[in-house]
Amino acid sequence: QVMLVESGGGLVPPGDSLRLSCVLHGRPFRSYSMGWFRQAPGKDREFVAGVNYDGTSTDYTDSVKGRFTISRDDAKNTVYLQMNSLKPEDTAVYYCAAALGYFSDYVPTGQEYGYWGQGTQVTVAS
């Protein structure tokens with residue numbers, strides 16, 4: 001059984017940085033592509049960033065390109081989301097997700113993800 005545990009959220013002023021972490025428990029980490037999603041109040045959940053199973057491909061939503069970086073450390077079963085130059089519109093609950101079985105340079109961005117973490121709150125405000 002796969003369990004995803006996120007950490008690293010918090011309250012920061014605009015322009016600041018945060019790094020989110022997500023540890024996958026229960027299955028071999030290299031079997032999964034990993035992604036980050038977010039959901040702001042009153043809005044649908046949206047894809048933020050993804051990395052393929054071996055870390056050779058990444059994808060980002062346009063609004064975070066150049067500011068956010070996703071990476072994975074297979075030795076630690078962990079995926080990270082480094083968020084720089086944060087803006088108030090980045091405020092949301094951020095969710096880690098895992099997609100099984102995509103052993104290529106393809107990066108899942110939606111319904112492929114079958115496993116989800118509990119979410120961590122990120123608030124960007126003065």
Side-chain angles (χ1 to χ4, degrees):
Q1 182 174 347
V2 173
M3 183 170 66
L4 300 172
V5 180
E6 301 116 329
S7 60
L11 169 64
V12 295
D16 218 353
S17 299
L18 277 176
R19 188 176 79 159
L20 305 182
S21 301
C22 172
V23 181
L24 186 149
H25 299 274
R27 289 291 186 270
F29 190 56
R30 280 288 294 263
S31 297
Y32 296 87
S33 300
M34 301 298 296
W36 288 96
F37 290 72
R38 65 187 179 187
Q39 188 167 21
K43 295 187 177 181
D44 292 336
R45 187 170 60 191
E46 65 168 346
F47 171 79
V48 175
V51 59
N52 74 328
Y53 80 106
D54 64 359
T56 55
S57 295
T58 58
D59 195 8
Y60 300 89
T61 192
D62 286 347
S63 63
V64 308
K65 286 180 180 176
R67 300 189 298 123
F68 290 11
T69 302
I70 188 171
S71 61
R72 60 188 295 155
D73 184 339
D74 291 351
K76 297 182 178 180
N77 286 8
T78 300
V79 62
Y80 303 99
L81 185 67
Q82 178 66 44
M83 305 185 293
N84 298 330
S85 302
L86 282 161
K87 303 176 181 180
E89 50 263 44
D90 294 319
T91 295
V93 177
Y94 282 71
Y95 297 91
C96 174
L100 175 65
Y102 295 91
F103 299 110
S104 69
D105 59 359
Y106 172 70
V107 179
T109 62
Q111 295 183 350
E112 305 95 329
Y113 290 94
Y115 304 95
W116 295 86
Q118 80 285 356
T120 185
Q121 177 70 47
V122 172
T123 303
V124 185
S126 301

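Counting begins at 1 with the first residue of the sequence.
In terms of modelled atom types and a separation under 3.5 Å, the side chain of E6 and the main chain of Q118 share a donor-acceptor contact. With hydrogens and angles ignored, the 3.5 Å screen pairs no side-chain donor or acceptor of R45 with any backbone N or O of Y95. Although no hydrogens or angles enter the test, the distance criterion places a donor-acceptor pair under 3.5 Å between the side chain of Y113 and the main chain of P108. At least one donor-acceptor pair closer than 3.5 Å links the side chain of N52 to the backbone N or O of S104. Listed for the D105 side chain is no donor-acceptor partner under 3.5 Å among the backbone atoms of S57. Remark: side-chain polar atoms of Y60 are paired, donor with acceptor, to backbone N or O of I70 under 3.5 angstrom.
In this structure, W36 and V79 have side chains that are in contact, with non-hydrogen atoms separated by less than 4.5 Å. Inter-residue side-chain proximity for C96 and W116 is flagged as unmet; no heavy-atom pair is nearer than 4.5 Å. Looking at L24 and M34, their side chains come closer than 4.5 Å, going by heavy atoms from C-beta outward. Between V122 and M83 there is a side-chain heavy-atom pair separated by less than 4.5 Å. Using a 4.5 Å cut-off on side-chain heavy atoms (C-beta onward), F68 and L86 make contact. Y115 has its side chain out of reach of R27: every pair of non-hydrogen atoms, C-beta onward, lies at least 4.5 Å apart. Put simply, the side chain of V2 reaches to within 4.5 Å of the side chain of Y32, judged on heavy atoms.
Under 4.0 Å is where a charged nitrogen must lie from a carboxylate oxygen, and between D62 and K65 at least one such pair does.
A continuous path of hydrophobic side-chain contacts links V12 to L81 [ILVMFWY only; heavy atoms under 4.5 Å]. Y94 and V51 fall within the same hydrophobic cluster, defined by Ile, Leu, Val, Met, Phe, Trp and Tyr side-chain heavy atoms under 4.5 Å apart, directly or through other members.
With rounding to the nearest 0.5 Å, the separation of OG1 in T78 from CG in L20 is 12.5 Å. Separating the OG atom in S63 from the CD atom in E89 is a distance of 8.5 Å, to the nearest 0.5 Å. Atom SG of C22 sits about 10.5 Å away from atom OH of Y80, to the nearest 0.5 Å. For the atom pair D44 CG and Q39 CD, the distance stands at 7.0 Å (nearest 0.5 Å). Here CZ of R38 is found 4.5 Å from CD of E46. Values are rounded to the nearest 0.5 Å. The line from CZ of F37 to OG1 of T109 is 7.0 Å long, rounded to the nearest 0.5 Å.
Under a cut-off of 6.0 angstrom, the local environment of CD in Q111 is sparse, with at most 12 non-hydrogen atoms contributed by other residues, nucleotides or ligands.
Side-chain polar atoms of S17 and N84 form a donor-acceptor pair below 3.5 angstrom.
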